[in-house]
Amino acid sequence: MDDARCIEVRDLTMAYGGRVVMRDVSFDVRRGEIFVVMGGSGSGKSTLLKHLIGLKRPVKGTILFEREDFGAADEKTRRGILRRIGVTYQNGALWSGLTLAENVALPLEEFTALRAEAIAEVVSLKLALVGLRGFEPLYPVEISGGMRKRAALARAVALDPEVLFFDEPTSGLDPITASRLDDLILQIRSCFGTTIVVVSHDLASISKIADRALFLDIEQKTMTALGRPTDLRENPPSEEVRRFLTRSSGARDTPVFEPRPARTYPT
C-alpha cells in the first residue's frame, strides 16, 4: 500500500433503499492534499461525504481510513477514527442555544480529559485562528453567516484533526467572504499539513483550493473524472465534465483556472 494514501475508497455503491445514487466509485485521498468532490445538484456529493465520515454505511464496497475499514469497524475503532477527523456542515450546524465558546468546547469535553481552564484556552486559540477572537460569548444568531461557518471550522479543528471534511463551505456566501474562507482552508493545510476533503460545486473555490478533484456524473451514476481541475477543464473526459467546468452563473462561478504548481507527495 502506498503510504501517501490517507483514505481509500474501493468499488463504492451508494443507495437510499432501492435507489442507487452512485456505483463503482474508487479513489484515494493523499495525505496533505486538498481533495474536492464536485458535481451537479443531486449527484451524490453530500451522500459520499456521509459515507466518508461514517454516517452512512456502503451498500457495496469499502472505505479505508489509514488502513482501517471504517464501515466494518467495531465501536471502539470507529470512535478512534472519529477522534482523528473534523467536519463542517453546509449550514455550520452550530448549537443555537450555546455560545461560540461552548460550541467549540463540545468536542474537547467529549473526547479529552482536559480541565475547564485548559479547554477555555484551546477554545480561545481556535477561535482566534479563524478570526473570531473576542466573539466567545456570542450566540450563533448574533453573528453573520460567514462568521458562523468560521465558528464551525474552529469547532472542527478543536481536536487538531488529521483530516478535515467540508460540505459546500462557500455556499450562501458573498464572493469576498467565500474567497476569505478559501484562504483560511489553504492556511490550515499550509500551517498544519491537514488533509482536506471538500464537497463543492463552486468553480472559483475549486480552482483556488483543489489539488485534485473528483467528478460525480448524475446521468451515468458514477465517477467520470479525477485529476487537477485545470487539466480536467483543458482536456475534459466527457461533455458533462466540460459543461460543469465551463459554466458561468455568477461571479463566484466564473471559471478562472490559473495554473498551479503541482504538489508532490511522499512515496
Side-chain angles (χ1 to χ4, degrees), residues 32 34-36 46 49-50 52-55 78-200 202 204-205 208-209 252:
I34 298 179
F35 186 93
V36 172
S46 294
L49 180 65
K50 290 177 182 178
L52 293 176
I53 63 177
L55 291 181
R78 286 174 62 83
R79 186 174 175 83
I81 293 173
L82 292 173
R83 171 67 175 78
R84 300 161 67 186
I85 69 175
V87 185
T88 69
Y89 299 96
Q90 185 170 340
N91 62 0
L94 297 172
W95 290 96
S96 60
L98 301 179
T99 66
L100 300 191
E102 290 167 340
N103 267 281
V104 177
L106 281 176
L108 295 163
E109 295 167 348
E110 173 75 14
F111 288 98
T112 77
L114 293 174
R115 294 176 177 271
E117 296 81 1
I119 288 178
E121 289 182 9
V122 174
V123 167
S124 292
L125 285 171
K126 300 305 181 181
L127 285 171
L129 173 67
V130 300
L132 292 176
R133 182 188 296 276
F135 290 84
E136 288 87 348
L138 296 187
Y139 289 87
V141 71
E142 298 177 297
I143 60 177
S144 69
M147 294 170 73
R148 284 194 290 272
K149 293 207 177 194
R150 284 188 280 143
L153 177 53
R155 182 180 61 186
V157 299
L159 295 171
D160 298 320
E162 298 170 28
V163 184
L164 264 177
F165 295 91
F166 290 85
D167 187 7
E168 298 283 4
T170 59
S171 176
L173 300 181
D174 64 85
I176 294 175
T177 303
S179 182
R180 288 174 177 168
L181 187 57
D182 287 337
D183 290 337
L184 187 54
I185 291 172
L186 289 167
Q187 177 186 345
I188 288 173
R189 193 272 297 275
S190 176
C191 292
F192 305 108
T194 310
T195 303
I196 297 175
V197 179
V198 181
V199 165
S200 181
D202 184 338
S205 180
K208 184 172 183 177
I209 68 174
R252 277 295 290 179

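Here the structure is a predicted model, which means the values were calculated and not measured.
- Across every non-hydrogen atom of Lys126 and Val104, the tightest pair is CB-CG1, 4.3 Å.
- Residues Val123 and Leu127 have side chains in contact (heavy-atom distance under 4.5 Å, counting atoms from C-beta outward).
- For the residue pair Arg150 and Leu184, the shortest heavy atom distance occurs at CG-CD2, 4.1 Å.
- Smallest separation of non-hydrogen atoms from Phe166 and Ile185: CZ-CG1, 3.9 Å.
- Within the 4.5 Å cutoff, side-chain heavy atoms of Leu106 are placed close to those of Leu98.
- Scanning both residues, Ala156 and Leu164, for their nearest heavy atoms gives CB-CD2, 3.7 Å.
- No side-chain heavy atom of Val163 sits under 4.5 Å from any side-chain heavy atom of Leu52.
- Taking all atoms of both residues into account, the shortest heavy-atom contact from Leu173 to Gly145 is CD2-C, 4.1 Å.
- Between the Arg133 side chain and the Ser124 main chain, no donor and acceptor come within less than 3.5 Å of each other.
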Check the pair Thr88, Lys149 against side chain to side chain donor-acceptor pair (under 3.5 Å), reporting the backbone distance first and the verdict last. CA-CA 8 Å; Thr88 69; Lys149 293 207 177 194; over 6 Å; no
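- Formation of a donor-acceptor pair under 3.5 Å by the Ser179 side chain with backbone atoms of Pro175 is not found in this model.
- Remark: side-chain polar atoms of Arg189 are not paired, donor with acceptor, to backbone N or O of Ile196 under 3.5 angstrom.
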What verdict does the side-chain contact (heavy atoms from CB on, under 4.5 Å) test give for Ile34 and Leu186, after you've listed the backbone C-alpha separation in whole Å, the side-chain angles of each residue and the deciding distance to 0.1 Å? CA-CA 8 Å; Ile34 298 179; Leu186 289 167; 3.7 Å; yes
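- Without hydrogens or angle criteria, Thr99 side chain to Tyr139 main chain gives no donor-acceptor distance under 3.5 Å.
- For the pair Phe165 and Ile85, the minimum side-chain heavy-atom distance is below 4.5 Å.
- For the residue pair Pro140 and Asn103, the shortest heavy atom distance occurs at CG-ND2, 4.2 Å.
- Dense packing is recorded around CZ of Arg84, with more than 12 heavy atoms of other residues, nucleotides or ligands lying under 6.0 Å away.
- Between the CD atom of Glu168 and the OG1 atom of Thr170 there is a distance of 6.5 Å, given to the nearest 0.5 Å.
- Annotation: the span from Leu153 atom CG to Ile188 atom CD1 amounts to 4.0 Å, rounded to 0.5 Å.
- In this structure, Thr112 contributes its side chain and Leu108 its backbone to a donor-acceptor pair below 3.5 Å.
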Checking Gln187 against Leu129 for the side-chain contact (heavy atoms from CB on, under 4.5 Å) test, could you report, in this order, the C-alpha distance in whole Å, the side-chain angles of both residues, the deciding distance, and whether it holds? CA-CA 10 Å; Gln187 177 186 345; Leu129 173 67; 4.2 Å; yes
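- Here the straight-line distance linking atom CD of Glu162 with atom CZ of Phe192 works out to 14.5 Å at 0.5 Å rounding.
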Check the pair Val157 / Val130 against side-chain contact (heavy atoms from CB on, under 4.5 Å), numbers first and verdict last. CA-CA 10 Å; Val157 299; Val130 300; 5.5 Å; no
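- Remark: Arg180 does not engage Asp174 in a salt bridge, criterion side-chain N to carboxylate O under 4.0 Å.
- Checking side-chain atoms of Ser200 against main-chain N and O of Asp202 turns up a donor-acceptor pair under 3.5 Å.
- Between Leu94 atom CG and Glu102 atom CD the span is 12.0 Å, to the nearest 0.5 Å.
- With hydrogens and angles disregarded, no donor-acceptor distance shorter than 3.5 Å links the side chain of Arg155 to the backbone of Pro107.
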